[in-house]
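First comes the structure, then the notes that go with it.
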Amino acid sequence: MKECWIMVMMILLLKESWCSDGCLENERIALLQIKSHFNSSSSSFMSTWGVTADCCSWVRVYCNSTTGHVVQLSLDGVRSSEEDYWYLNASLFLPFQQLNYLSLWGNNIAGCIKNEGFERLSALGNLEVLELSDNSFHKSILSSLSGLSSLKILSLSGNRLKGIINIEEFNHLISLEELDLSANAIEGFISSNGSDELSKLSNLERFDLSYNHVNISLLSPLIRLPSLRYLDLGYNQLEGLFNFKELGKSKLVTLDLSGNNITEFVDSREIRASNNISELYLDDITITKGSKLLESLGAFSHLKNLSLVSCKFEGAILHQGLPHLQIIGAMSSLKKLSLGGCGLNDTEFLNQGKININPSLFEICFILKILAKPFANEFTGVCKLKQLQELDISYNDISGSLPSCLANMTSLQSLHLSSNNFVGNISLYPFNRLTNLEYLDLSHNLFQIPVSLDLFFNHSKLKHFKSQGNNEIYGEKTEQNLTPMFQLETLYIDGYACIKAFPKFLYYQHNLREASLQSLKLRGRFPYWLLQNNTKLEELYLKNNSLSGPLQLPLHSHLNLSLLDISDNLFHGIIPPDIGTHLPRLELVYLSKNDFNGSIPSSFGNMSSLQILDLSNNDISGSLPSDFCCSHMLEVHLSRNQLQGSLEDAFFDCLQLVVLDLSHNNMTGSIPSWFERFYQLAYMILGYNNIEGEIPIQLCNLTQLSLIDLSHNNLSGHIPPCLRSTSNFASLSNGEEIEFTTKRNIYSYQRSMLYYFSGIDLSCNKLIGQIPIQIGYLNEIRVLNLSHNNLNGKIPASFSNLSQIESLDLSHNNLQGNIPSQLTELDFLEVFNVSCNDLSGRTPEKVKQFATFDESSYRDNPLLCGWPLQKYCATMESSPSIPRSSNDTEESNCFIDMEDFYASFGVAYIMVLLTIAGVLFINPYWRQVWFYFVEVSIDKCYYFLIDNLSCLSKFKLF
C-alpha cells in the first residue's frame, strides 16, 4: 500500500512539472498572446519571445525552477510614451496561476477592455505585487482592484488619479502592506458612508502620497490605519500650520513633509506624549524670518533623525548665525542631524556659545555645500562634542589644516572629510588618538598620505579607509616590519604616485571585500596572493600601474570576486585558459591596454553572471568563441586586437547586449540578420574590419541604437531607409569609453557624453544607390558620415531637419544636382564636406555656419560655383531675372542636358546625309563631279598600296 501511495505522488509530481522544453505549454501560448496583444512598435524585446521553445528563458519572464510555472512577469516600458493610449485585456494573465509579481510600468495604458479588467485577476491567489506606475489610469481603476485580496504591494504612481478618493475602494485589500499613490493629483480621502472602512487596511505599513495636491484637512482617515509606520506627504500643497490632531493618534514612525510650505507644527500635551515619530524629513523647505518651524520641533519628543537637506534659510536667519537652530540642542533624543546643501556660509552656529548641541548627538551630517572660510578656528565647538560618533563635513570648500582639538573626539567611529581642500601630512595630525575609528574617508583633498598607513597600525577597529583623487601618496624609504592590528574590509589608495612595491600591511589582510590601488605605478607581478588571503574579496582595482608578467591566478577557485580591473598595465602572455574556472563569479572583467596575446579563452563561458568584458587594446587573435554563456552580458569591448573570423555564431544568446565594440580587427563575413535580437543594443561599433555583404534590413528593429559605426569595411548594397539613431540613456559602465569619428578626428566618449550623443558612420565602404530621404528625419543625430562610397542621386532636402547635426560628410561619392539651400538652417553644423562629387549649381549662401566653411568643403565638383570656390557663377548672375516654373528651375541645375545633346546631334547628322543625297539626285553635274572624285580617290589608294607593299616585303620577322 505504501508503494502505491509513493507511485501516486510521483505521478502527481510528474504531472505538475510536465512542461514543454522547460515551461508549461499553456503558459507559453499565453505569453505569445500577450506579445500579440501588446503589439509594440517601439520596443523589440518581445520579438525574442518564441525564438526558443523554453519560455522560462525568454526575456523578463521568470519561472519557478521546480514546477516550471511563470511566477514573475516584468513588462516595463514595452510601449513608449510616444505611442497612443490603449486598453489592456487583463484576462490574458489568468493562465499564470502561480504568478506573484506583475509589472506593467510605463506602458501608456489608459484602462482595461470592458469586462476584461483587473477584477478578473482575483483568481490569482498568489499575486502579491502589482506595479502599474507611469500609465494613464483614472481613479475608476480602483474599483477593479478591490478583489485582489492577496496583494501586498500596489503602485499606481504617476497616473491620472485626480480629486478626492473614496476610501471604500480599498475595502478588500486586506493584505496590503505598501501603497504608492505618488505623482497624481489626489486631494484627499473621504468615506461615503462615514464608517471606519479604511481601518480594514490593518496591515498597511507604508503609504506614499508625495507629489499630489493633498489638503491637510482631508487626512483624518489616515489616523485609523493601525499599522501605518511610514507616511510620505512630500511635495504637496501643505501650507501654514500643521495641526497634529490629524496624525497625533497614529503610530507613525517616519514622516516626510519635504517640499511643502509648512511654517509651524501645532500640538497639545496629550498629542505630544503619544507622538512616536522618530524620523522627520523637512528637505527643500524655505524657512523665512517669521517662520516658527524650527521652534515648534519640540512637538516631536521622540525624534532621532532630523533631515533639513537643501533647506533655504532666508533673510536675517542666515545672517544672524541661525540662532533658531538652538532648539535642536534641547532635543535630547536626537541621534542624527543632516543640514546638507542649505547654503550655510560659516560654522558659527556650531560654536558652543551659539548652539548647545546635546552631547548625546551621536551622528551629525554636516554636508555643508558652501563653506568657504578657513575651518580650523571654527572647529572648536564641534570638538567639544566628545560623544560624537559620526561627523560628515564632506563636499565643501573648507581649506587649511585640521585642528589639533580633533584629538579630543575619541568617540568618533566615522569621519568623512572628502571633497574639501584640507592640506598637510596626515602623520602630523592626531589620528593616532582616534582609536575607535571604523570609517575614514580623506578623498579629494590635498593631504600627504604614506602608503604604509603605519600611523593606523594600532587602530584595531578600522575597517574602511579611502583616499582617492588629489591626495599625494608617497612611500617611505624604510617601511617598518610591524603587524597592523586592523583588518580592513574596504581599502582605496588611489593617486598619481610612483610606488615600487605593494605596501607590506596588505600581506596581513584577510577580510578585504574591496581593494583599490590605482595609478600608483606599482611594479611587480599580479598579486594572486591577495586573492588567496582574502576569500571574501569582491572587487579588485589595479588599473594604471606598471605591473608586468603573465596573469597568474590563485591556486584554488575564488568564488566571491565579481570585479577585476587590471587595465592599463604591462601584462603579457596569454589570458589563462582556465580563468573562467578559477574566477567563475566574475561580472565585470577589465583587461584592456595590456599586451595579452593568444585567443579568447572559452572558459569565459563558465562565468554565468558576466556582464562586461573588456579585452580591448591588446594583441588577441583567433576567432570569437561561439559558446559564450552571456544571458546577462551588457557590454563587449574587443576593439584594437587581431581578431578574425565571422560574426555568425558569436554572442547569439546575448539578448541584453547594450555595447558591441569589435572595431579595428580583421573580422570577415557579413552582419547577421539575427542581430535584431539585441533589442537593447545602443552602440554597435564594427568599423575598421573586412565585413562584407549588405546592411541587414533587420537592423531597423533595433530601436535603441545611438551610435552606428560600420566604416572602413567592404559593405555593399543600399542604405536601409529605416536605419535609425537616437540619443538615449543606455547604461554604460563607469570608466568605459567608446571611440567614434566625428569632425575628422577619432574621439573617445565616456558615459556622461554618450547620454547626449548619437551618430551614424558608414564611410569607406561600397554602398550604392541614393541617400534615403528618411535619414533626414533623424533629428537627434549629431554625426553623419557617408563619405567614400558610390552613392548617387541628390542630397535630400530633408537633411535640413537634422537640427542637432554637428558633422556632415558626404564627400567622395557620385552625388549630383545642387546643394539644398535649406541646409543653411543647421545652426550647430561645424564640419560640412561634399567634395569630390558631381554636384552643380551655386554653393549655399554665406550665412550662419556656412560662412565658416572654406574651399575644401566643396572642391572637385566641376560644375559647382560660388563662394568660397574660385569659380564664379557669372553666367547665372548675368541672366535676366525672369520668374521660372519649377521645371525651369530643375533644368537649370545643370549647364547641359546630355540626353538632349545626343538626340539633337543624331538628328542633325541624319539631316546632313539626306541633304547631300538629295542634291546629287537632283543636279546631274554635281552627281558627275561626285562620282569622278570617288573614282580618282580609289585609284590613288590602289597605287599607294602597290608602291608601299614592295617596300614592306623587304622587312623580315624575327
Side-chain angles (χ1 to χ4, degrees), residues 389-390 392 394 412-418 434-444 449 451-454 456-469 471 473 483-495 499 502-520 522 526-545 547 551-567 569 579-591 607-612 614 632 733-735:
Q389 292 184 351
E390 180 174 348
D392 188 341
S394 58
L412 270 181
Q413 296 177 5
S414 182
L415 180 59
H416 304 256
L417 302 175
S418 63
L434 307 180
T435 55
N436 285 312
L437 274 180
E438 297 179 8
Y439 185 102
L440 178 61
D441 190 352
L442 306 176
S443 302
H444 305 290
I449 301 174
V451 73
S452 66
L453 300 186
D454 54 359
F456 300 107
F457 275 18
N458 292 327
H459 291 57
S460 59
K461 298 181 180 179
L462 188 63
K463 295 180 180 179
H464 309 277
F465 180 86
K466 290 186 177 182
S467 173
Q468 298 175 282
N471 292 321
I473 310 298
T483 303
M485 297 179 64
F486 58 71
Q487 284 293 323
L488 296 176
E489 296 180 6
T490 303
L491 173 65
Y492 283 82
I493 303 180
D494 303 336
I499 310 298
F502 287 96
K504 291 183 180 180
F505 75 85
L506 272 180
Y507 291 90
Y508 300 98
Q509 302 304 303
H510 300 281
N511 292 333
L512 281 171
R513 294 180 180 272
E514 298 178 27
S516 179
L517 298 162
Q518 302 184 80
S519 302
L520 299 177
L522 291 168
F526 178 75
Y528 65 91
W529 46 267
L530 196 60
L531 296 177
Q532 291 181 171
N533 295 344
N534 296 271
T535 57
K536 298 179 181 179
L537 189 63
E538 298 175 2
E539 299 180 9
L540 177 59
Y541 302 86
L542 297 172
K543 182 180 180 180
N544 192 23
N545 282 292
L547 301 173
L551 177 58
Q552 186 175 353
L553 299 177
L555 296 176
H556 305 289
S557 296
H558 196 291
L559 300 180
N560 287 305
L561 192 68
S562 62
L563 185 150
L564 176 63
D565 187 350
I566 58 171
S567 57
N569 276 282
I579 186 172
T581 304
H582 279 72
L583 305 173
R585 301 292 175 82
L586 277 177
E587 299 177 7
L588 313 176
V589 180
Y590 304 98
L591 308 182
M607 300 177 183
S608 58
S609 300
L610 189 61
Q611 298 179 20
I612 298 175
D614 188 352
H632 298 92
S733 62
N734 283 326

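Hydrogens, waters and symmetry mates play no part in the numbers below; they use all other heavy atoms, side chains included. One is the number of the first residue; the rest follow in order along the sequence.
- Taking CG of Leu531 as the start and CG of Leu553 as the end, the distance is 8.5 Å to the nearest 0.5 Å.
- Partners of Tyr507 according to the ring pair (Phe, Tyr, Trp, His ring centres under 6.0 Å) rule, which considers only residues two or more places apart in sequence or in another chain, are Trp529.
- Two residues are said to be in side-chain contact when any heavy atoms from C-beta on lie closer than 4.5 Å; Leu453 and Ile493 meet this criterion.
- Judged by distance alone, the side chain of Asn511 and the main-chain N or O of Glu489 form no donor-acceptor pair under 3.5 Å.
- The CZ atom of Arg585 sits 15.5 Å away from atom CG of Leu563, with the distance rounded to the nearest 0.5 Å.
- In this structure a side-chain-to-backbone donor-acceptor pair under 3.5 Å is present from His459 to Leu434.
- The aromatic rings of Phe465 and Phe456 sit tilted relative to each other, their planes meeting at an angle between 30° and 60°.
- Side-chain atoms of Asn544 never come within 3.5 Å of backbone atoms of Leu520 as a donor-acceptor pair (strictly under, hydrogens ignored).
- Residues Ser452 and Phe457 approach most closely at O-CE1, 3.4 Å, considering heavy atoms.
- Residues forming a side-chain contact (heavy atoms from CB on, under 4.5 Å) with Pro584 (at least two apart in sequence, or on another chain): Leu559.
- Annotation: the span from Asn436 atom CG to Ser460 atom OG amounts to 8.5 Å, rounded to 0.5 Å.
- The shortest side-chain heavy-atom distance between Leu540 and Phe526 falls under the 4.5 Å cut-off.
- Judged as a side chain to side chain donor-acceptor pair (under 3.5 Å), the pairs with a partner in residues 554-565 (not counting sequence neighbours) are, in order, Asp565-Ser567.
- Between Phe505 and Pro484, the shortest heavy-atom distance links the atoms CB-CG, 3.9 Å.
- Asn534 places a side-chain N or O within donor-acceptor distance of the main-chain N or O of Gln509, the cut-off being under 3.5 Å.
- When the side-chain contact (heavy atoms from CB on, under 4.5 Å) test is applied to Gln611, the partners found at least two apart in sequence or on another chain are Glu587, Leu588, His632, Leu634.
- For Gln487 (side chain) and Tyr508 (main-chain N/O), a donor-acceptor pair under 3.5 Å exists by modelled atom type.
- Residues satisfying the side-chain contact (heavy atoms from CB on, under 4.5 Å) test with Lys466, not counting sequence neighbours, are Tyr439, Asp441, Ser443, Thr490, Tyr492.
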Check against side chain to side chain donor-acceptor pair (under 3.5 Å), His416 and Ser418: CA-CA 6 Å; His416 304 256; Ser418 63; 6.0 Å; no
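- Under a 3.5 Å cut-off, the side chain of Asn533 and the backbone N or O of Leu530 do not form any donor-acceptor pair.
- For the pair Met607/Ile579, a side-chain contact is recorded, criterion being any heavy-atom separation below 4.5 Å from C-beta on.
- Applying the salt bridge (charged side-chain N to carboxylate O under 4.0 Å, His left out) test to every pair with at least one member in residues 510-520, sequence neighbours left out, gives these pairs: Arg513-Glu538.
- The shortest heavy-atom contact between Pro527 and Phe502 is CG-CZ, 3.7 Å.
- A donor-acceptor distance shorter than 3.5 angstrom exists from the side chain of Asn545 to the backbone of Leu522, with no hydrogens or angles considered.
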